[in-house]
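Down below is the structure, laid out as structure tokens.
Each ligand, and each atom within it, is numbered from 1 in the order the structure gives. Both backbone and side-chain heavy atoms feed into the values below; hydrogens, waters and symmetry mates do not.
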Amino acid sequence: MIDSYKHKGMRRQLIQTLQAKGITDERVLRVMNRLPRHLFLDNAFQEWAYQDKAFPIGNEQTISQPYTVAYQTALLDIQKRQSVMEIGTGSGYQAAILAMLGGRVYTLERQEVLHKEATKRLERLGLGQIRTYLRDGYKGLPEFAPFDRILVTAGAPTIPQQLCNQLKIGGILVVPVGHTTQTMYKITRVGKTNFLEEALDSFQFVPFLKGLNRK
Ligand code: SAH
């Protein structure tokens with residue numbers, strides 16, 4: 001599978017769509033214009049890769065809608081060499097975007113099949129520093145905490161406290177919270193026990209589930 005002029009053209013159009021929907025962060029738009037999203041979907045679905053839509057990746061999971069990826073990534077405001085933990089590797093697309101912005105990425109997935117596929121795909125693409133883990137995201141990665149940034153890409157029923165506790169002081173957690181639809185939260189750790197919570201727009205995510213799935 002390769003990148004082509006046709007794919008590049010479709011990608012430029014997708015970027016224009018994102019701008020029209022209100023995404024203004026130039027760094028985010030630039031990396032999304034560079035990263036071939038079609039490499040994160042099965043061959044059969046290449047034509048779908050540059051629509052601004054979520055898409056099934058197997059095991060009842062989806063690669064997030066590009067608008068959602070852009071929105072969450074812009075909120076994170078990643079600086080070079082920051083440590084970034086992502087919950088919900090899925091296809092690996094979002095992890096690749098975080099790495100291209102200079103993050104040192106730790107990404108966790110609870111489904112073994114998706115974890116294995118994304119690990120292989122990210123190794124093949126070689127896009128920077130990304131470590132993948134088959135782990136329950138509710139627990140985070142205490143052995144590598146605290147993190148500068150934490151991103152949850154599944155809908156959490158409540159703000160995940162264990163993840164808040166794995167943030168550095170000054171660090172940012174972006175997490176969608178809610179049952180059928182979710183409100184995007186940006187949470188900034190302003191002190192050891194002080195967190196600033198900002199409730200933003202509504203989205204729809206697959207659920208943040210407990211435990212591993214090794215099927
Ligand atoms: N970021 C992904 C989109 C992921 S969809 C991408 O760019 O493609 C959400 C993912 O979160 C799914 O793959 C789902 O299996 C995973 N997930 C749900 N609950 C989880 C948990 N407790 N720990 C780790 N991953 C989880």
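- Applying the side chain to side chain contact (heavy atoms under 4.5 Å, CB included) test between Ile187 and each of Ile172, Leu173, Leu163 identifies Leu173 as the sole match.
- Atom 23 (N) of ligand 1 has Gly137 N, 2.7 Å as its closest protein atom, hydrogens excluded (heavy atom only).
- Annotation: side chain of Arg27 is not in contact with side chain of Val31 (no heavy-atom distance under 4.5 Å).
- The proximity of Asp136 to ligand 1, defined as any non-hydrogen pair under 4.0 Å, involves the side chain as well as the backbone.
- Nearest non-hydrogen protein atom to atom 7 (O) of ligand 1 is Gln94 N, 3.1 Å.
- With a 4.0 Å cut-off on non-hydrogen atoms, Ala95 does not touch ligand 1 at all.
- A salt bridge is defined here as a Lys NZ or Arg NE, NH1 or NH2 lying under 4.0 Å from an Asp or Glu carboxylate O, and Arg135 with Glu143 meets this definition.
- At a heavy-atom cutoff of 4.0 Å, ligand 1 is contacted by the side chain of Gln61 but not by its backbone.
- Of the polar atoms of Thr62, none of the N or O atoms is found under 3.5 Å from an N or O of ligand 1, judged by distance alone.
- Atoms of ligand 1 found under 4.0 Å from any heavy atom of Tyr138 (numbered from 1 in listed order, with element): 22 (N).
- Residue contacts with ligand 1 include Thr89, since one or more of its heavy atoms lies under 4.0 Å from the ligand.
- At least one side-chain heavy atom of Met32 sits under 4.5 Å from a side-chain heavy atom of Pro66.
- In this structure, Gly211 has no heavy atom closer than 4.0 Å to ligand 1.
- For atom 18 (C) of ligand 1, the closest non-hydrogen atom of the protein is Pro207 O, 3.5 Å.
- The contact set between ligand 1 and Arg135, taken as ligand atoms under 4.0 Å from a residue heavy atom, comprises 23 (N), 24 (C).
- With hydrogens left out, the protein atom closest to atom 8 (O) of ligand 1 is Ser91 OG, 2.6 Å, a heavy atom.
- Annotation for Lys21: atom NZ counts as buried by contact number, over 12 foreign heavy atoms lying within 6.0 Å.
- No N or O atom of Val206 sits closer than 3.5 Å to an N or O atom of ligand 1.
- Close contacts between ligand 1 and Ile63 involve ligand atoms 8 (O) [criterion: under 4.0 Å to a heavy atom].
- When non-hydrogen atoms are compared, ligand 1 lies under 4.0 Å from the side chain of Leu114 (C-beta onward) but not from its backbone.
- A salt bridge is defined here as a Lys NZ or Arg NE, NH1 or NH2 lying under 4.0 Å from an Asp or Glu carboxylate O, and Glu112 with Lys116 meets this definition.
- In this structure, the side chains of Phe205 and Val175 stay at 4.5 Å or more apart for every pair of heavy atoms.
- Residues Pro176 and Met184 are in side-chain contact: their nearest non-hydrogen atoms beyond the backbone lie under 4.5 Å apart.
- Near Gln111, meaning under 4.0 Å from any of its heavy atoms, are these atoms of ligand 1: 15 (O).
- Within the 4.5 Å cutoff, the side chain of Glu109 has no heavy atoms near those of the Thr119 side chain.
- Residue Gly88 has at least one N or O atom closer than 3.5 Å to an N or O atom of ligand 1.
- Residues Leu141 and Phe147 have side chains in contact (heavy-atom distance under 4.5 Å, counting atoms from C-beta outward).
- By the 3.5 Å distance cut-off applied to N or O atoms, Ser64 is not counted among the residues near ligand 1.
- When hydrogens are left out, the protein atom nearest atom 19 (N) of ligand 1 is Leu209 N, 3.0 Å; that is the closest non-hydrogen contact.
- At a 4.0 Å cut-off, at least one heavy atom of Glu109 sits close enough to ligand 1 to count as contact.
- Taking the charged nitrogens against the carboxylate oxygens, Glu47 and Lys6 do have a contact shorter than 4.0 Å, which makes a salt bridge.
- Only one option out of Arg37, His38, Gln13 pairs with Tyr50 in a side-chain hydrogen bond (donor to acceptor under 3.5 Å, both in side chains); it is His38.
- Residue Glu86 has at least one N or O atom closer than 3.5 Å to an N or O atom of ligand 1.
- At a heavy-atom cutoff of 4.0 Å, ligand 1 is contacted by both the backbone and the side chain of Arg110.
- Counted within 6.0 Å of CD on Glu60, heavy atoms from surrounding residues, nucleotides or ligands total 12 or fewer; the atom is thus considered open.
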